[in-house]
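Chain A is the first sequence line, chain B the second, and so forth, proteins listed ahead of strands; every chain is numbered from 1.
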Amino acid sequence: MPIIEIKNLTKQYNGLTAVDSLNLEVQEGEIFCLLGPNGAGKTTTLMMLTTLVKPTSGTATVGGFDIVKNQGDVRRSIGIVFQDPSSDEILTGYENLKLHGMLYGMSPKLREERIKEVLELVELTERKDDLVKKYSGGMRRRLEMARGLMHHPKILFLDEPTLGLDPQSREHIWKYVNNLVRKEKISVIITTHYMDEADMLCDRLAIIDHGKIAAMDSPAKLKMIVGGDVVVMKTANPNLEGIKKLEFVKKIQAKDGIVSLTVENASEHLPQILETIGKVESVEVHLPTLDDVFLHYTGKAIRETSAEGGWAEKLMAFRAKK
Amino acid sequence: MNIKNELVGILAVWYREFKVFLREKSRIVGSIVTPVLWLLIFGGGLGSSVSISGINYQAFIFPGILTQSVLFSSVFFGVYIVWDRKIDFLKEVLVAPISRTSIFLGKVVGGATDALLQSLILLVIGWLFGQFGIIPGLHITLVSFLLALLVLFFTTTALVSVGLIVGSQMESPEGFQLISSFLIFPLFFLSGALFPINNLPSWLAPFTFLNPITYCVDALRNVILGSAQFSLIYDLGIMAIFTIVVIAVGTYAFKKMKV
Ligand SMILES: Nc1ncnc2c1ncn2[C@@H]1O[C@H](COP(=O)(O)OP(=O)(O)OP(=O)(O)O)[C@@H](O)[C@H]1O
Ligand SMILES: [Mg+2]
């Protein structure tokens with residue numbers, strides 16, 4: 001039985017369809033990514049699955065429980081790390097965890113044991129008595145991950161776990177997620193708009209755009225679908241008519257002076273392409289990445305739509321205000 | 001619903017509020033200094049030419065100032081839920097497997113604890129002022145001290161609920177500030193905190209007697225100064241009804257609250 005089963009899940013906010021008839025299944029023990037640009041509906045989907053937002057229509061089960069009818073059971077089965085900071089800065093790391101244990105009805109003994117364990121897992125044992133105010137963005141995320149795990153959930157939701165973090169902290173987080181699935185044997189749902197993150201972490205991913213799933217499979221299979229090599233050129237006046245006539249060019253995408261081609265055997269055909277297209281400023285050839293997969297399915301690059309108001313920026317703005 | 005888990009949940013929410021309260025020293029200091037200044041400067045200034053039915057004016061307004069301090073800090077306690085919503089802390093609490101009722105009650109107990117601790121300090125200050133003749137005629141006994149805390153328990157429970165009802169509906173702290181000011185100032189000025197209510201002009205009397213805070217001030221005057229308009233039971237009865245009504249509304253508001 002799938003650990004999460006979503007059927008025609010839809011959420012509308014006064015006329016705006018944030019999530020549009022979503023259908024998907026997540027298997028037990030899987031790391032599943034929802035990959036999509038800003039406003040794609042990733043957070044809204046998680047909010048519905050975690051019972052915080054009521055769906056407009058459609059249903060879903062999480063851990064076998066209906067997200068509308070059995071909210072209590074769903075909540076006991078899940079842990080979540082929210083997109084925005086959700087720990088109390090005026091409490092210490094330890095106190096935030098203690099509060100969590102109490103909210104989840106853990107016995108004091110189990111709670112203390114578990115706090116120790118999860119603090120070790122995210123390497124925050126030494127900083128546990130510092131106020132969260134004094135943590136870095138990465139440490140705070142780690143604390144929130146530890147907290148999400150503390151009550152032994154069967155399913156862990158991570159909403160943009162590395163948004164706004166530096167590369168080193170991001171790798172840290174990836175390491176924990178991988179460890180976790182091995183050690184705690186749980187299923188993980190991650191939302192992200194970082195291709196490399198999805199590629200690194202997930203067993204399967206769904207590309208989600210405008211509330212709809214554009215494609216769903218393992219990263220390797222999705223890249224295979226794009227097929228061939230990708231040739232990206234910067235050029236002001238491309239001769240696209242000429243390119244279209246070349247039979248080894250499988251797909252053409254042109255936008256804002258960037259032409260991107262999917263080509264069989266690029267190393268052999270590159271001279272002919274360059275001859276045909278006209279004057280180019282730069283050229284780059286690579287194997288398909290998830291970026292290309294995204295472009296293939298949505299007709300736009302995810303980089304164009306990259307993060308606004310990331311987790312860390314929001315935190316800074318919030319602190320400045322407070 | 002598991003009763004034990006719900007009770008521990010209430011305790012959890014209280015634990016957090018109380019920790020935060022103890023760490024925000026400026027909040028505690030501010031909540032003590034302001035009423036003392038009212039007593040000394042406003043009370044002292046007006047008191048030099050006014051006394052009310054034989055009671056020194058500073059002593060006369062002591063119950064009113066006590067009420068004022070509870071009124072302000074209880075209602076403003078609601079702003080913290082707006083801050084919780086600004087980050088995702090509110091979601092962390094709401095996604096836990098306990099009912100919204102318990103979360104609401106935990107917050108009420110948390111806010112009430114803050115306000116009662118402040119009241120306790122103010123009552124001790126009032127007692128000292130009386131003992132050392134700084135405010136002549138203010139004699140706070142142990143019995144009046146305990147009864148005053150009982151009265152204020154109803155008052156703060158009700159007013160924290162009011163603050164939380166407003167807070168549960170607001171997106172921004174500024175919005176909260178605006179709405180709660182519209183509530184707090186009429187409640188304060190119409191309560192008779194600063195004037196006697198036995199001889200009001202007929203246009204003012206209905207507003208004053210419709211104001212639940214009036215009965216808190218009256219009850220406190222009863223237990224601290226031994227002079228009041230209504231019986232203690234009557235005052236407490238009205239406060240209790242008010243408290244039950246706003247707790248019911250608050251529980252409902254929390255159930256309907258959006259994350
Ligand atoms: N409470 C709300 N009220 C109205 N509209 C909302 C609300 N929450 C989300 N939306 C809208 O729903 C759409 C999807 O938002 P959502 O937050 O789910 O996107 P996302 O994929 O998580 O994006 P991001 O990468 O920015 O976090 C957006 O257009 C957003 O403006
Ligand atoms: Mg989001």
When you compare the side chain of B/Ile98 with that of A/Tyr104, does any pair of heavy atoms fall below 4.5 Å?
no
When every non-hydrogen atom of A/Ile90 is compared with those of B/Glu24, the smallest separation belongs to CD1-OE2, 3.6 Å
Would you list the pairs meeting salt bridge (charged side-chain N to carboxylate O under 4.0 Å, His left out) in which at least one residue belongs to residues 158-173 of chain B, sequence neighbours left out?
none
Side chain, backbone, both or neither: which part of [X] has an atom under 4.5 Å from a heavy atom of chain B?
X	result
A/Met47	side chain
A/Thr50	both
A/Val74	neither

Test log, rule side-chain contact (heavy atoms from CB on, under 4.5 Å), inputs A/Arg147 and B/Glu92
CA-CA 10 Å; A/Arg147 187 180 65 181; B/Glu92 150 74 6; 3.4 Å; yes
Crowding at CZ, B/Phe145 (>12 non-hydrogen neighbours, <6.0 Å):
yes
Verify the neighbour count for atom CZ of B/Phe153: are there more than 12 heavy atoms of other residues, nucleotides or ligands below 6.0 Å?
no
Tell me whether B/Asp88 contacts the main-chain N or O of A/Asp84 through its side chain, where contact means a donor paired with an acceptor under 3.5 Å.
yes
Among residues 12-20 of chain B, residues within the sub-4.5 Å heavy-atom range of chain A, in order of number, are B/Ala12, B/Val13, B/Tyr15, B/Arg16, B/Lys19, B/Val20
Any pair counted as side-chain hydrogen bond (donor to acceptor under 3.5 Å, both in side chains), so long as it reaches residues 153-163 of chain B, sequence neighbours left out:
B/Ser74-B/Thr156
Between A/Gln71, A/His151, A/Arg76, which is the residue that forms a side chain to side chain contact (heavy atoms under 4.5 Å, CB included) with B/Pro97?
A/Arg76
Contacting moiety of B/Ile10, where chain A heavy atoms sit under 4.5 Å
neither
I'd like to verify something: which residue of B/Leu94, B/Asp84, B/Val95, B/Val259 has the highest number of heavy-atom pairs under 4.5 Å with chain A?
B/Val95
Interface residues of residues 112-122 of chain A facing chain B - heavy atom cut-off under 4.5 Å
none
Less than 4.0 angstrom from a charged side-chain N to a carboxylate O is my criterion; do A/Glu89 and B/Arg23 meet it?
no
For the atom pair CG (B/Leu90) and OG (A/Ser86), what is the distance rounded to the nearest 0.5 Å?
11.0 Å
